[in-house]
There are 2 protein chains.
Amino acid sequence: MTKADPHTLLFTDLAEIARTLGHAHRLMLLEHIAQGERPVERLAELTDLTVANTSQHLQHLRRAGFVETRRDGKRVLYRLGNGPIEAVLTSLRGYAEHMRAEIRQLIADPINADGRHDSISRDELLERLLTGGITLLDVRSTEEYAFGHLPGALNIPADELERRLSELPRGREVVAYCRGPYCVLSTTAAALLEAKGFRVRRLAAGFPDWKAAGLTVEA
Amino acid sequence: MTKADPHTLLFTDLAEIARTLGHAHRLMLLEHIAQGERPVERLAELTDLTVANTSQHLQHLRRAGFVETRRDGKRVLYRLGNGPIEAVLTSLRGYAEHMRAEIRQLIADPINADGRHDSISRDELLERLLTGGITLLDVRSTEEYAFGHLPGALNIPADELERRLSELPRGREVVAYCRGPYCVLSTTAAALLEAKGFRVRRLAAGFPDWKAAGLTVEA
DNA sequence: TAATCATTCAAGCAAATGATTGATTGATAG
DNA sequence: CTATCAATCAATCATTTGCTTGAATGATTA
């Protein structure tokens with residue numbers, strides 16, 4: 001019953017590699033290890049897992065060649081393997097990013113219509129940030145904001161915007177942004193602000209684009 | 001108990017994508033779909049799965065965005081999604097290739113010693129192939145050979161070599177190759193041939209390198 | 001409208017996977 | 001040599017996954 005077909009075997013290998021990356025805990029461990037060599041116990045506390053569980057995931061990763069070990073006294077230090085791991089992770093992240101955009105587009109498209117609110121380009125925003133006179137508004141969740149945001153941005157999640165309008169200075173143009181080109185949050189926010197008499201534009205590209213362009217991000 | 005941490009969520013998404021690719025059957029289906037639109041039933045027979053099982057895997061792939069569907073009469077045609085799928089698969093294949101090379105190195109190294117048999121470079125081999133006078137010998141399995149080999153190569157798997165020696169023309173230099181730089185097959189083959197009075201060299205790099213260099217490959 | 005065909009759904013089962021616990025191994029320090 | 005500490009192993013259990021079977025859906029054709 002064993003398939004000797006080399007074509008099938010290739011797929012089995014490929015699948016095993018993919019499955020190794022198919023668990024959030026292992027991906028988290030990989031990311032920490034990518035920062036530098038770490039002992040098991042440290043990785044366990046970084047990922048909030050038990051030591052035994054961590055050890056098992058690490059061995060799974062090692063079987064697939066994603067990590068390597070060396071002993072240092074009584075500790076075992078894990079480091080990244082030397083294969084083209086980054087390429088795999090990057091392509092995965094790229095794919096995930098694409099999917100998020102697609103989903104957002106599906107949700108946002110009907111609402112988004114076409115350009116009901118003026119948008120502002122990244123370059124123009126940069127210029128306006130320097131010359132001043134605008135309020136930069138991040139309408140994503142507090143969690144997302146905490147994870148990184150545009151410099152000087154004020155954070156009011158879209159669903160809290162109406163009751164927190166007083167926090168926005170009057171008389172200044174507002175530039176709202178959220179997750180990306182098709183994120184619906186900044187659109188609804190812009191509609192609300194306009195109704196309340198603000199002058200408002202949206203940063204079309206959103207946060208990921210800003211970050212990808214290598215511009216500064218505040219934590 | 002739900003983790004709202006966006007960092008964790010990102011990893012969960014990534015893991016789900018990876019896990020979708022973590023099954024040989026789904027990878028096989030993807031490959032067939034990559035050739036062009038196909039109805040479920042055709043995919044089922046191509047992959048030798050039941051229709052229901054195929055349908056389930058396809059829906060898994062669709063949830064992850066790897067494939068899309070359209071109806072044509074009573075059939076449902078599956079086609080590739082429009083995300084950067086090829087990038088993901090290519091990086092995976094690249095990683096798998098790297099791992100195979102590493103494993104081979106581990107197995108072969110002790111046997112391989114250092115250059116017990118003369119090796120021949122890719123460029124020199126190319127020249128010799130044109131001027132003639134050598135027998136190019138592929139000592140990998142018949143399956144691997146069938147999947148692609150160097151132009152004009154004769155295929156005698158290493159373990160059949162001894163009893164099929166008569167197939168090799170006498171008086172010509174033999175160049176043996178197998179899977180890669182550390183593949184043990186061509187080393188043992190060279191040892192045998194030398195003992196039998198042949199002049200023999202090994203192609204150090206092996207088949208994958210040849211292919212990677214963009215040189216012609218026969219099916 | 002009924003009959004047929006391709007696909008999907010739903011239930012059930014076997015196998016694989018992930019997490020926990022407690023025992024075991026390997027290495028240092030007293 | 002014993003005590004201690006980090007990591008791994010081994011056994012167990014709950015959950016998830018993959019596959020099969022038979023019924024339900026959606027679209028065509030008679």
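We name chains A, B, ... by the order of the sequence lines, and we start the count at 1 in each one.
Put simply, the side chain of B/Tyr177 reaches to within 4.5 Å of the side chain of B/Asp138, judged on heavy atoms. A 4.5 Å side-chain heavy-atom check between A/Met28 and A/Leu46 finds every atom pair outside the cut-off.
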With side chain to side chain donor-acceptor pair (under 3.5 Å) as the criterion, how do B/Gln59 and B/Ser55 come out once you've worked through the C-alpha distance, each side chain's angles and the decisive distance to 0.1 Å? CA-CA 6 Å; B/Gln59 278 166 71; B/Ser55 176; 2.9 Å; yes
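Residue B/Arg42 contributes atom CZ, which lies 12 Å from atom P of C/dT7 at whole-angstrom precision. We find that NZ of A/Lys74 is positioned 12 Å from P of C/dA27, with the value rounded to whole Å. As rounded to whole Å, 13 Å separates atom C1' of D/dT17 from atom CD of B/Glu16. Atoms CD (A/Gln59) and C1' (D/dT8) sit 6 Å apart, rounded to a whole Å. As a whole-Å value, the separation of A/His57 NE2 from D/dC9 P is 15 Å. Straight-line distance from the CG atom of A/Leu58 to the C1' atom of D/dT8: 11 Å, rounded to whole Å. In this entry the distance linking CG of A/Leu21 with P of C/dT17 reads 15 Å, nearest Å. The CZ atom of A/Arg38 sits 13 Å away from the P atom of D/dA7 (whole-angstrom rounding).
Of the candidates D/dT8, C/dA27, C/dT20, the closest approach to any side-chain atom of A/Val76 belongs to D/dT8. Listed nucleotides: C/dC9, D/dC19, C/dA6. Nearest to the side chain of B/His25: D/dC19. Looking at the side chain of A/Arg71, the nearest of the listed nucleotides C/dT20, C/dA27, C/dT7 is C/dA27. When distances run from any side-chain atom of B/Thr50 to the nucleotides D/dT20, C/dG18, D/dT8, the shortest one goes to D/dT20. Here C/dT17 is the nucleotide among C/dT7, C/dT17, C/dA27 with the atom lying nearest to any side-chain atom of A/Arg19. Which of C/dG18, C/dC5, D/dT20 sits closest to the side chain of A/His60 comes down to C/dG18. Comparing D/dT8, C/dC9, C/dA19 by their nearest atom to the side chain of B/Ala52 picks out C/dC9.
Taking 4.0 angstrom as the limit, A/Ser55 places none of its side-chain polar atoms (N or O) nearer than this to OP1 or OP2 of D/dA7. Note on A/Tyr78: a side-chain N or O is less than 4.0 Å away from OP1 or OP2 of D/dT8.
Note on ring orientation: taking the six-membered ring where Trp is involved, the planes of B/His23 and B/His57 are tilted (angle from 30° to 60°).
Ion pair B/Glu37/B/Arg42 not flagged as a salt bridge, since none of the NZ, NE, NH1 or NH2 atoms sits closer than 4.0 Å to an Asp/Glu carboxylate oxygen.
Sequence order on DNA chain C of the closest nucleotides to A/Gly22 and A/Asp72 puts A/Gly22 first from the 5' end. Nearer to the 5' terminus of DNA chain C, by closest-nucleotide assignment, is the contact made by A/Gln56 (compared with the other of A/Gln56 and A/Gly73).
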